[in-house]
Amino acid sequence: MNPALTATAAATAREALDAGRVRADFPCFARWRAAGDTLVYLDNAATTQKPQAVLDAVTEVYAGGAGNIHRGVHRLSQRATEAYEGARETVRCFLGADSADDIVFVRGATEGINLVARSFLAPRLTAGDEVVVSRMEHHANIVPWQMVCEERGARLRVIPMGPEGDLDLDALEDLLGDRTRLVAVTQVSNALGTVNPIGEIVTACRRRGVPILVDGAQAVVHGPVDVATLGCDFYVFSGHKVYGPSGVGALYARREHLESMPPYQGGGDMIRSVSFEHTDFAPPPQRFEAGTPNIEGAVGLAAALDYLSGLGLERVAAHEAGVLDHAVRRLSTLPGVHLVGTPKERAGVVSFVLDGVHPHDVGTILDARGVAVRAGHHCAQPVMDFFGLPATTRASFAVYSTVEEADALVDAVAEVQEIFA
Amino acid sequence: MSDLRELYQEVILDHNKRPRNFEELPDAERRATGHNPLCGDRVEVFLDLEGDRVRRVTFQGAGCAISQASASLMTEAVEGKTLAEAEALFESFHDLLTDGPTAGARDLGKLEAFAGVKDYPMRVKCATLAWHTLREALRSGAGAATASTE
């Protein structure tokens, strides 16, 4: 790489993010403020707010004239196709994949995982085989594998987790065996905020020749991802958790896997030719995109990724780490507050419980003070079981989060304790 | 936004901290388990009858202050009631929480503390879980039953 360019990039990364300007890019905050209401939105691990650039991109898909993709010679169809395939190229670039053909648009991370479970894993899985997930997975990265394992008589095995909320990588080495057909691990835990040493995990799998899927649903929004460097076989993420629309996401897969995989669903747009006797399927990625896709979703997602790239992922990560560290530090000094998970590396999320107060009561009182958090099991019941808790309160931060908002959270938590004193 | 003290009234906080009739009745004639799959709250209700009257009702469980206090106050409210009276009380209580047709028509005593819940629609199921479970126990006849808010 050109050393001058690298130096420029580093200088940009050092320049702090202008949080006020970023916040102004997200119209919901101004709207709530105008209505005289406070919106301290700390449920970003559930879904993120959308910048104006995304709203405009989605509107433009229709305002400029709707067309369907990959068919018709008229200008509207051509326009839609270019926008949709352009979005695929944006995702490719964002993930650092070699080719846009390695990117499949899906409804979200969940569908990406289901697609891999059905089209990649199921045909390769026989009785006695094993699939490995981790103790900290979201249900979306457990249930699809469990369903396929049950059908095939295969066994789902689990990488254990320590009390701090870090995975036991020595145990992973022991779990990888001759019968392991796939490993599926999250890059960042949605319940604890743990950043897994995903490079190490991928290396361990590749050394044993075991394919690995990385769930990036909580990761892509918090820092740069490069699937080529990472070396994973599959990578999935959801648009709505990275400032894009809901109902769209992407699956990255190695070319040789996509070539070998049968279709996920049948229909239009995924075929080369059809007769009543036989259908020739289209090559990837079209083979996995039956029917008219979520065109405006893909375009909106691309606008979100462009927006985030424009801010600079390194700068975004540095800003968020500052806010998160502040929240973690202040929460951990409050008596009667216990952090759930104290991992070596953390991104975006802090989970906690209060002595004598149920998380749902915390959630209701915080909401009354304008602070939106998640109270519940976070679709990660095995994590809750591990800590012996029915639920936690989770605050999760994004690029528009501020230190003042972290303070508002902590002050509201202190008020909860007063009410329940 | 209504005042939080409307929701978290002293009587609710008190019954959350010191739930009444919080014990298992090992030889209960009837029992039912309730579960709110949305939030994971669980409650088990134990019931002894004398004819068609509730002689003793107890509960065990874990959940938010609203669900725990509601279960506790319910056990006090239905003791000595006939099955029909208990069912009618649930209807009135439900209407209180949802501003239903009979809301305000009848003084529900300590149960009135839950009136604030109607401003928090997401929490109505917390307040009714124990009551749904009681109703399952009442209707199930001898043995065990399950209730769910979903």
Side-chain angles (χ1 to χ4, degrees), chain A residues 32-33 35-40 43 46 139 143 191 336 340 351 353-394 408 411-421, chain B residues 1-19 22 33-44 59-73 97 113-130 133 148-150:
Chain A
W32 279 62
R33 201 172 49 244
D37 212 336
T38 317
L39 177 57
V40 177
D43 195 14
H139 296 161
V143 181
V340 180
S351 249
V353 290
L354 271 62
D355 285 336
V357 192
H358 193 278
H360 290 129
D361 297 314
V362 179
T364 293
I365 296 170
L366 261 52
D367 183 53
R369 291 295 169 259
V371 181
V373 295
R374 174 86 183 265
H377 54 55
H378 319 298
C379 296
Q381 286 178 354
V383 175
M384 298 297 114
D385 292 345
F386 176 85
F387 288 103
L389 298 166
T392 70
T393 305
R394 177 189 74 184
D411 293 347
V413 168
E415 193 182 343
V416 173
Q417 292 181 309
E418 269 170 44
I419 290 176
F420 275 79
Chain B
M1 186 69 63
S2 68
D3 192 326
L4 280 171
R5 293 283 176 184
E6 287 291 310
L7 180 63
Y8 292 104
Q9 297 205 10
E10 281 308 322
V11 61
I12 292 179
L13 294 171
D14 174 48
H15 276 255
N16 174 52
K17 214 176 236 180
R18 284 175 293 275
F22 189 84
T33 306
H35 181 216
N36 182 346
L38 269 184
C39 63
D41 285 357
R42 282 184 179 282
V43 66
E44 197 170 3
F59 82 103
Q60 282 195 320
C64 65
I66 305 298
S67 78
Q68 293 301 289
S70 174
S72 174
L73 282 155
L97 301 176
F114 291 93
V117 174
K118 66 172 173 288
D119 293 326
Y120 300 84
M122 310 282 280
R123 306 302 298 275
V124 169
K125 284 175 176 172
C126 306
T128 55
L129 176 62
T133 311
S148 170
T149 56
E150 293 308 295

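Numbers restart at 1 for each chain; the letters A, B, ... are given by sequence-line order, proteins then strands. Quick caveat, the model's predicted, so the values are computed rather than measured.
Taken from OH in B:Tyr8 to OG1 in A:Thr364, the straight-line distance is 4.5 Å, to the nearest 0.5 Å. We find the CD1-CG distance between A:Ile419 and B:Leu7 to be 9.0 Å, quoted to the nearest 0.5 Å.
B:Asn16 has its side chain out of reach of A:His358: every pair of non-hydrogen atoms, C-beta onward, lies at least 4.5 Å apart. Within the 4.5 Å cutoff, side-chain heavy atoms of A:Arg369 are placed close to those of B:Leu4.
Only the side chain of A:His377 comes within contact range of chain B, judged by heavy atoms closer than 4.5 Å. Only the side chain of B:Arg123 comes within contact range of chain A, judged by heavy atoms closer than 4.5 Å.
Within the structure, no pair that satisfies the salt bridge (Lys or Arg N to Asp or Glu O under 4.0 Å) test touches residues 381-393 of chain A, not counting sequence neighbours.
Remark: A:Thr392 pairs with A:Ser351, A:His378 by the side chain to side chain donor-acceptor pair (under 3.5 Å) rule, at least two apart or across chains.
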